[in-house]
Q: 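After the structure tokens below, expect a handful of questions from me.
Note that the numbering runs from 1 along the sequence shown for the chain.
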Amino acid sequence: MELLTTFNNNLPAILKAYEPDNYSIIANRYIILEYNNDIPFLDIPESNYPRLYAEAGMEYYVSEFDKVRRLTGSEIYGYNVNIAIIDGGVNPDCQSLRRANGVSKIKSYLDQETSTIYTNEMFNYKEIYEPLLSDEDKLTHGTLMAEIIAGENGLAPDCELIVVGLSDAGLEQKKHYNVPDDVRCFSEADIMRAVEFCINESQDKPLVILVPLQTNLGCHEGRGCLESYISLLTAQPLCMAVVCAGNEAVNRNHTEGVINKAGEGEAEHNISIVVSESGTNTFINCVYDKGAVPYLNITGPAGESFFVQNTTEKYFRYDNSRLEIKYEFFDTISEKACVYIRAANLSQGIWQIYTGVIDSSRNYGYQAFLPIKSMQEGNVDFLYSSPENTVTSPGDATGALTLGAYNDITGAMYFGSGRGGILIKPEVIASESYTDTGCMGTYKMSDNVFSDITADNNMIQKLNTVIGTSVAAAYAAGIAVNVMGYIYYEMNQKDITGTGIKLLFMSSAVPKSNEIPSNISGYGMISIENIFRALR
């Protein structure tokens, strides 16, 4: 197993405190602690456990994409600019990702599953790169991202791709968060290793890093190791990060509230969950305002109750369920009180969970999160959910450009687009949809794809068009590649930072609401014309 933390010139103290069997260092600031054996759940500081991420999933819808490239007014089209795609992998056989002479646009490719690095020359020989094609389903999402940016009809067809096919998280990591064994997801530590690889491979050329992944684990305030690493990089010249706001706004995986001080309202708040199928496992993380000392009153569907105010393990005899509850009053990342609940074998019904605080002298806010749907076993929802503060990680990274999504035909926001809360996120929005050219392969649609969409299903299947905030992030990354190339090569500005380019996107956006910034649409829709008008 692995743990993840920061260190500031105190490596000997960290090694003495954690006693790892091995370790690796990233950016001389973060340390991945490696252990040969497992550590019991309740003995692990939760803030030091690498979170698990999944692809920001796609669904099918109808839209069009035929105009963005021509609006740049520049002939660079990404030439001599690197775009890093950190995802499940990219299909090197995709003809849209090869130049007219047949040479692959992939500059280098790290397959974390086998620790193999493929160079550009290797993609001339299928017998060499054929192992990458052993499971084409896992390449679908990353291939889509690459097509939008660097495909034949993409935004920056002359750019060079640096690809990391992330390794599937191990069974041990999935067990920690009660993620089903067959769910493909990625460790935070591996994502950070991937980012470091892309930085090293870029070789001092302008670089845009796209991380189209999402997780609900963490405090959602941009203070995790991955988010802070991304923000650290974007403060440096010629490195920009683009991430998505996630697709969690309507998934009933978030709830929030304010526990009022004595005499001014309810002393307890309901964060109860609805379990649709017996035997379900799940994971809940609750984040409270700094200074709060929270407690929980938990009642199973059979009526058995427990009062909890510290780290403990509870067995529900009548429901045959087990809850491992971990308290961290001084979380090293969020500096807030956090409660983590790993629930196993939950029975069907409503699990009544009421939360309050020991100190009732002032108000305390709280947020509670369930895993994103793709990481859940069965169907678990909050009884009273909230679409606010649903931007997922790493969409909460302060230094990254975070994308929400809208429909460029109707002008309506994409219903699942994550909404900000404590942070001003997303900063901008872009089109939610992209029509597949045939390289993606087959994408498995979720059962409720059409539940909130009114469209002709036959037309949807014919056009094979996908939607989601990861699509919007890929659009923005492709535009950023052109912007960075224009600034670096035509304007000869070598010191522009990713943060500076992010501010350019924000200041040139077309407002979509009267409230600027909005927690739904940020500063508005990306305007390529306004960006280049500001540069000239």
Side-chain angles (χ1 to χ4, degrees), residues 1-5 18-23 32-55 88 112-113 135 138 166-193 213-219 224-226 253 273 275-286 298 300 308 311-316 319-328 331 333 338-348 351 368-380 392-393:
M1 69 170 294
E2 295 179 334
L3 298 182
L4 178 63
T5 189
Y18 287 88
E19 298 182 339
D21 295 307
N22 202 355
Y23 67 91
I32 300 172
L33 305 157
E34 302 167 12
Y35 297 86
N36 297 330
N37 300 313
D38 197 4
I39 301 175
F41 175 80
L42 296 180
D43 294 343
I44 303 172
E46 193 62 30
S47 54
N48 294 142
Y49 201 90
R51 293 165 291 173
L52 296 183
Y53 290 74
E55 295 163 344
Q112 284 190 343
E113 293 279 7
D135 183 1
K138 72 181 183 181
L166 293 165
S167 175
D168 188 27
L171 297 181
E172 190 176 90
Q173 290 180 292
K174 294 178 183 180
K175 179 182 176 183
H176 182 91
Y177 292 114
N178 273 339
V179 175
D181 294 350
D182 59 349
V183 170
R184 183 169 170 79
C185 54
F186 316 111
S187 168
E188 180 177 15
D190 284 337
I191 298 170
M192 293 180 69
R193 290 186 179 106
L213 308 174
Q214 60 177 357
T215 189
N216 256 347
L217 302 169
C219 65
C225 287
L226 175 59
N253 292 330
I273 60 173
V275 179
S276 62
E277 183 179 344
S278 291
T280 297
N281 302 326
T282 194
F283 191 94
I284 308 170
N285 58 292
C286 307
I298 306 174
V308 179
T311 295
T312 187
E313 189 172 9
K314 295 294 184 183
Y315 291 89
F316 285 75
D319 292 289
N320 195 28
S321 304
R322 184 181 79 253
L323 303 184
E324 294 174 276
I325 303 165
K326 187 189 302 184
Y327 270 66
E328 292 187 13
D331 183 287
I333 292 177
C338 298
V339 179
Y340 306 94
I341 305 172
R342 185 165 72 168
N345 197 36
L346 294 179
S347 58
Q348 183 182 31
W351 283 77
F369 301 91
L370 287 163
I372 60 176
K373 289 302 181 191
S374 64
M375 289 189 191
Q376 285 191 23
E377 177 186 56
N379 192 33
V380 183
T392 53
S393 171

Q: What pairs with Tyr49 under side chain to side chain donor-acceptor pair (under 3.5 Å), at least two apart in sequence or on another chain?
A: none
Q: Do you know the tightest heavy-atom contact between Glu328 and Ser47?
A: OE1-OG, 3.4 Å
Q: Please check if the side chain of Asn48 supplies one atom and the backbone of Thr5 the other of a donor-acceptor pair under 3.5 Å.
A: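 No: the side chain of Asn48 does not pair with the backbone of Thr5.
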Q: Applying salt bridge (charged side-chain N to carboxylate O under 4.0 Å, His left out) as the test, list every pair that has at least one member in residues 170-180; sequence neighbours left out.
A: Asp168-Lys174
Q: Between Thr312 and Tyr327, is there a side-chain donor-acceptor contact under 3.5 Å, judged purely by atom types and distance?
A: no
Q: So Ser321 and Trp351, side chain to side chain contact (heavy atoms under 4.5 Å, CB included) or not? Walk me through it.
A: CA-CA 11 Å; Ser321 304; Trp351 283 77; 3.5 Å; yes
Q: Check whether more than 12 heavy atoms from other residues, nucleotides or ligands sit under 6.0 Å from atom OH of Tyr23, and answer yes or no.
A: no
Q: Going by salt bridge (charged side-chain N to carboxylate O under 4.0 Å, His left out), name the residues that satisfy it together with Glu34, two or more places apart in sequence or in a different chain.
A: Arg193
Q: With sequence neighbours excluded, what pairs up with Phe369 under the ring-ring contact (aromatic ring centres under 6.0 Å, His included) test?
A: His220, His254
Q: Please check this pair: side chain of Gln376 against backbone of Pro371, looking for a donor-acceptor N/O pair closer than 3.5 Å.
A: yes
Q: For Leu3 and Pro50, work out which heavy atoms get closest and say how close.
A: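 Leu3 and Pro50 have their closest heavy atoms at CA-CD, 4.0 Å.
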Q: Could you state the interatomic distance from SG (Cys225) to CD1 (Ile191), rounded to the nearest 0.5 Å?
A: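 That separation rounds to 12.0 Å.
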Q: Are any side-chain N or O atoms of Glu2 and backbone N or O atoms of Ile32, one a donor and one an acceptor, separated by less than 3.5 Å?
A: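 No: the side chain of Glu2 does not pair with the backbone of Ile32.
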Q: Where do Leu323 and Val308 land on the side chain to side chain contact (heavy atoms under 4.5 Å, CB included) test, with the steps shown first?
A: CA-CA 11 Å; Leu323 303 184; Val308 179; over 6 Å; no
Q: Ignoring hydrogens, what is the shortest heavy-atom contact between Leu370 and Asn216? Give both atom names and the distance.
A: O-ND2, 2.9 Å
Q: Under the salt bridge (charged side-chain N to carboxylate O under 4.0 Å, His left out) rule, collect the residues that match up with Glu324, sequence neighbours excluded.
A: Arg322, Arg342
Q: Tell me if a side-chain donor or acceptor on Asn178 pairs with a main-chain N or O of Thr282 at a distance below 3.5 Å.
A: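 Yes, the answer is positive, given that a donor and an acceptor are paired below the 3.5 Å cut-off.
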Q: Should the pair Tyr340 and Phe283 be assigned to parallel (<30°), tilted (30 to 60°) or perpendicular (>60°) ring geometry?
A: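 The arrangement is tilted - the two ring planes meet at 30° to 60°.
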Q: Of all heavy-atom pairs between Met375 and Pro180, which one has the smallest distance, and what is that distance?
A: O-CD, 3.4 Å
Q: CD1 of Ile372 to OG1 of Thr392: how many Å apart, nearest 0.5 Å?
A: 7.5 Å
Q: What residues, two or more places apart in sequence or in another chain, satisfy side chain to side chain donor-acceptor pair (under 3.5 Å) together with Gln112?
A: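 Testing Gln112 for side chain to side chain donor-acceptor pair (under 3.5 Å), a comparison that skips the adjacent residues, returns none.
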Q: Provide the closest heavy-atom pair for Leu4 versus Met192 in the form atom of the first, atom of the second, distance.
A: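 Smallest heavy-atom distance, with atoms named: CD2-SD, 3.6 Å.
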Q: Could you tell me if the side chain of Leu217 sits less than 4.5 Å from the side chain of Glu188, heavy atoms only?
A: no
Q: Quick one: list whatever passes side chain to side chain donor-acceptor pair (under 3.5 Å) with Lys373, sequence neighbours left out.
A: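 Here the qualifying residues are Asn253, Asn379, Asp381.
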Q: Output all residues satisfying side-chain contact (heavy atoms from CB on, under 4.5 Å) with Asn320, sequence neighbours left out; order by chain, then residue number.
A: Asn345
Q: Measure the CD-CG distance between Gln173 and Asp190 for me, rounded to the nearest 0.5 Å.
A: 7.0 Å
Q: Indicate every side-chain donor-acceptor pair of residues 36-44 with a distance under 3.5 Å to a residue at least two apart or in another chain.
A:
none

Q: Ser347: what forms a side chain to side chain donor-acceptor pair (under 3.5 Å) with it, not counting sequence neighbours?
A: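 Listed in chain order: Asp319.
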Q: So how far is it from Tyr53 OH to Leu166 CG, rounded to the nearest 0.5 Å?
A: 11.5 Å
Q: Identify the two heavy atoms, one from Ser187 and one from Leu52, that lie closest to each other, and give their separation to 0.1 Å.
A: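 Minimum heavy-atom contact is CA-CD2, 4.0 Å.
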Q: The criterion is salt bridge (charged side-chain N to carboxylate O under 4.0 Å, His left out); which residues satisfy it with Lys326, sequence neighbours excluded?
A: Glu46
